[in-house]
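For reference, the structure is listed below as structure tokens.
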Amino acid sequence: MLLAELVATSAAVAATRSRKAKVAALAELLGRVEPEELEVVVSYLGGALRQRRTGLGWRGVSDLPAPAGEPSLTVLEVHDAFEAMSHLSGSGSQLARKEAVAQLFGRATAAEQAWLRAIVTGNVRQGALDAVTQEAVAQVADVPLAAVRRAAMLAGSTVAAAGAAFAGEEALDGIGLEVGRPIMPMLASSAPDVAAAMGGLSPDGETEVAIDAKLDGIRIQVHRDGDEVLVVTRSLDDITGRLPEVVEVARSLPAERFVLDGEALALSGDGRPMAFQDTASRTAQDSGVAVTPHFFDLLHVDGRDLLDSPGHERLEALDALVPEQHRVRRLVTADPQAADAFATETVAAGHEGVVLKDLSAPYAAGRRGSAWVKVKPRHTLDLVVLAVEWGSGRREGWLSNIHLGARDESSETGFVMLGKTFKGMTDEMLAWQTERFTELAVSPTTLRDSYVVELRPLQVVEIAFDGLQRSTRYPGGVALRFARVLRYRDDKGPHEADTIETVRSHVTA
DNA sequence: TTCCGACAGTGGGGTCGCAAT
DNA sequence: ATTGCGACCCCACTATCGGAA
């Protein structure tokens, strides 16, 4: 199959907003694919290379040769080229990679170059990725979509599920949980507070729910098969070698084969959790600080699959396998007040929040279902917009990402920047702020020519965020974590905005 | 007919390793 | 020794489609 065919399909998918039409376009292409190309094509349609890492990013594809006039590249040639690049390392590898890019892109037409650049940088924007590709696979292979989805979650990838789907429904149904093969982790939706979460999970007010402490660390899935232990992250990357303590704990448990779900985090001497940054640092390199596993679910134990068992059964099995010090703190209750008190205690103990769980629900691998609901406390500040950046994609032509500052008497400008945000804006707000910030632009030249537009610091905005973190990037030494816009405040002038002292005292990092 | 679940898109903070400078 | 890039941890929120209610 020619790359040009795939690129044309991608363009057709991007050109329609109808999901059904997208599926039809993808299915049409999949129907023409040769068996040996299937995995590559499925991966590419989903917007991902087959290689986990190529050493190429936006910079590596910014200087390109002149495009070819006629298409000639096949998808397998493209795959081979990236495969070769993924193996380059050591001195001189950057030069070799550069030559490989010139070779590959020199054979690509202008449209192919644009698509190649997009897939390298993870920016294939066609309104269809994994989930829509799965629909197309199900359609062409003539198997139930639910079976494809389940296989993809259990095999850890849509590509693996696609292979099985084309081998027939039996092969697809044969894909189950295998100890040693990572599955997509179950995710949580969110609620503003414990009462809302309880209301959703226990509408009658009598059904008990589980409330877990939400630890601010790295999500881990731990597989043990005899002496073999595998530890993977949320994106299923193998980090076994970096977490020896977790391996040790897994080996110490009284079962031979199991799959556990949990969180790893660094604890300080007094047992309180350290900042996420410390856990991240320790998880990326072995540096002495101990990282402790805390498990909250059990998916398999000694031949017994628990994925489809209700939560209360899985928790019972978890409690039997894992000692308390390696389990997440949990309360089971139907009482909203008890739940709220537990959440307050948990946050006071230094944790991120809580996750409320439906005790009757199965483990929905890869889904962000309503069976798990997270609740985190939210901080707010009134800050001043110092600058704004032009948006991209569907925000093209709108002033989008805003720079946030707190008042700071000691600074020359009177403000200190604490971060940026693009979150929380409706289309209506984007339209409003584009007009407003055009008026506040320091210079019409930068407004027109620059990606970042400096503003006169006059507009106050109410920002929600999860907490402060250490920063080397920003002059105040702190940055907001997960900042998002709540509303613009036209009732407040910049002199009424919060000061850096307020920020520091009000929120502990 | 309205409601709502699931997806994709738009980007934010940090950390590290690695190759080039 | 420093710098810039790539990879990967954590992530919130809105708009939209299409099936469920």
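Labels below follow one simple rule: chain letters A, B, ... track the order of the sequence lines, proteins then strands, and each chain is numbered from 1.
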- State which residues pass salt bridge (Lys or Arg N to Asp or Glu O under 4.0 Å) with R378(A); sequence neighbours excluded, sorted by chain then number. none
- Item | Q277(A), nearest nucleotide to its side chain (from dG11(B), dG14(B), dC10(C)) | dG14(B)
- Query: Does the side chain of R368(A) get closer than 4.0 angstrom to OP1 or OP2 of dG5(B) through an N or O atom?
  - Reply: no
- Query: Taking DNA chain C as the partner, which of residues 42-60 of chain A come within under 4.0 angstrom of it by heavy atom?
  - Reply: R52(A), R53(A), T54(A), G55(A), L56(A), G57(A), W58(A), R59(A), G60(A)
- Could you check how far CZ of F422(A) sits from C1' of dG13(B), rounded to whole Å? 11 Å
- Message: Strictly by salt bridge (Lys or Arg N to Asp or Glu O under 4.0 Å), give each pair with a member in residues 8-25 of chain A just once, sequence neighbours left out.
- Response: R19(A)-E135(A)
- Applying salt bridge (Lys or Arg N to Asp or Glu O under 4.0 Å) to R219(A) and not counting sequence neighbours gives D261(A)
- Message: In this structure, how many angstroms lie between the P atom of dC9(C) and the CD atom of E263(A), rounded?
- Response: 12 Å
- Note on the structure: D466(A) CG to dG13(B) C1', in whole Å, measures 11 Å
- Message: Rounded to whole Å, please give me the gap between CD in E352(A) and P in dG14(B).
- Response: 17 Å
- Taking only residues two or more places apart in sequence or in another chain, which ones pass salt bridge (Lys or Arg N to Asp or Glu O under 4.0 Å) with R181(A)? E178(A)
- What nucleic acid atoms does S400(A) come within less than 4.0 Å of, heavy atoms only: base, sugar-phosphate, or nothing? sugar-phosphate
- Query: Does NZ or CZ of R117(A) fall inside the cone over F105(A)'s six-membered ring, less than 6.0 Å from its centre and within 45° of the axis?
  - Reply: no
- Query: Side chain of F276(A): nearest nucleotide among dC8(C), dG13(B), dA19(B)?
  - Reply: dG13(B)
- Query: Between S392(A) and dG11(B), does any side-chain N or O lie under 4.0 Å from OP1 or OP2?
  - Reply: yes
- With a non-hydrogen cut-off below 4.0 angstrom, is A479(A) in contact with a base, only sugar-phosphate, or nothing? sugar-phosphate
- Item | Value in whole Å for how far the P atom of dT15(B) lies from CZ of R473(A) | 9 Å
- Choose from dA8(B), dG11(B), dC11(C) the nucleotide whose nearest atom is closest to any side-chain atom of K214(A). dC11(C)
- Item | Residue pairs passing the ring-ring contact (aromatic ring centres under 6.0 Å, His included) test where at least one lies in residues 351-370 of chain A, sequence neighbours excluded | Y363(A)-W372(A)
- Item | Test side chain to side chain donor-acceptor pair (under 3.5 Å) applied to R125(A) - qualifying residues, sequence neighbours left out | N123(A)
- With the threshold set at 4.0 Å, does a side-chain nitrogen-carboxylate oxygen contact exist between E245(A) and R282(A)? yes
- Message: Measuring to OP1 and OP2 of dC9(C), would you say a side-chain N or O of S235(A) lies under 4.0 angstrom away?
- Response: yes
- Among all residues two or more places apart in sequence or in another chain, which pass the salt bridge (Lys or Arg N to Asp or Glu O under 4.0 Å) test with E352(A)? K214(A), K376(A)
- Message: Whether N401(A) contacts dT10(B) is assessed here as follows: a side-chain N or O lying under 4.0 Å from the phosphate OP1 or OP2. Is that the case?
- Response: no
- Query: When we call it a touch if two heavy atoms are under 4.0 Å apart, what does S93(A) touch: a base, just sugar-phosphate, or nothing?
  - Reply: sugar-phosphate
- Item | Under 4.0 angstrom between S471(A) side-chain N/O and dG14(B) OP1 or OP2 | yes
- Query: In terms of side-chain heavy atoms, does Y488(A) have a donor or acceptor partner in Q459(A) at a distance below 3.5 Å?
  - Reply: no
- Is K376(A) touching bases, backbone alone, or none of the nucleic acid, heavy atoms closer than 4.0 Å? sugar-phosphate
- Message: V41(A) and side chain to side chain contact (heavy atoms under 4.5 Å, CB included): which single residue from V159(A), T133(A), L29(A), T9(A) fits?
- Response: L29(A)
- Rounded off to whole Å, could you give me the CE-to-C1' distance for the M85(A) and dA7(C) pair? 17 Å
- Item | Residue closer to the 5' end of DNA chain B, E389(A) versus R149(A) (nearest nucleotide) | R149(A)
- Could you please name the option among dT10(B), dT15(B), dC10(C) that lies closest to any side-chain atom of R470(A)? dT15(B)
- Message: Can you tell me which nucleotide in dA19(B), dC16(B), dC10(C) comes closest to the side chain of S281(A)?
- Response: dC16(B)
- Task: Check DNA chain B against residues 114-130 of chain A and give the residues with a non-hydrogen atom under 4.0 Å, in numerical order.
- Result: V124(A), R125(A), Q126(A), G127(A), A128(A), L129(A), D130(A)
- Message: Nearest whole Å is fine: how far is dA20(B) P from L88(A) CG?
- Response: 11 Å
- Task: Starting at the 5' end of nucleotides 14-21 of chain C, put B wherever the base has a protein heavy atom under 4.0 Å, S where only the sugar-phosphate does, and a dash everywhere else.
- Result: SS-SSS--
- Query: Who are the side chain to side chain donor-acceptor pair (under 3.5 Å) partners of T240(A), not counting sequence neighbours?
  - Reply: D238(A)
- Touch class at under 4.0 angstrom, heavy-atom based, for S370(A) against every strand present: nothing
- Y474(A) OH to dG14(B) C1', in whole Å, measures 11 Å
- Answer for the Watson-Crick or wobble partner of dG5(B), both distances under 3.5 Å, is dC17(C)
- Item | Residue whose closest nucleotide on DNA chain B lies nearer the 5' end, R367(A) versus Y451(A) | R367(A)
- Query: Any salt bridge (Lys or Arg N to Asp or Glu O under 4.0 Å) pairs touching residues 386-403 of chain A, not counting sequence neighbours?
  - Reply: E389(A)-K420(A), R394(A)-D427(A)
- Carboxylate-amine/guanidinium contact R52(A) D237(A), below 4.0 Å: yes
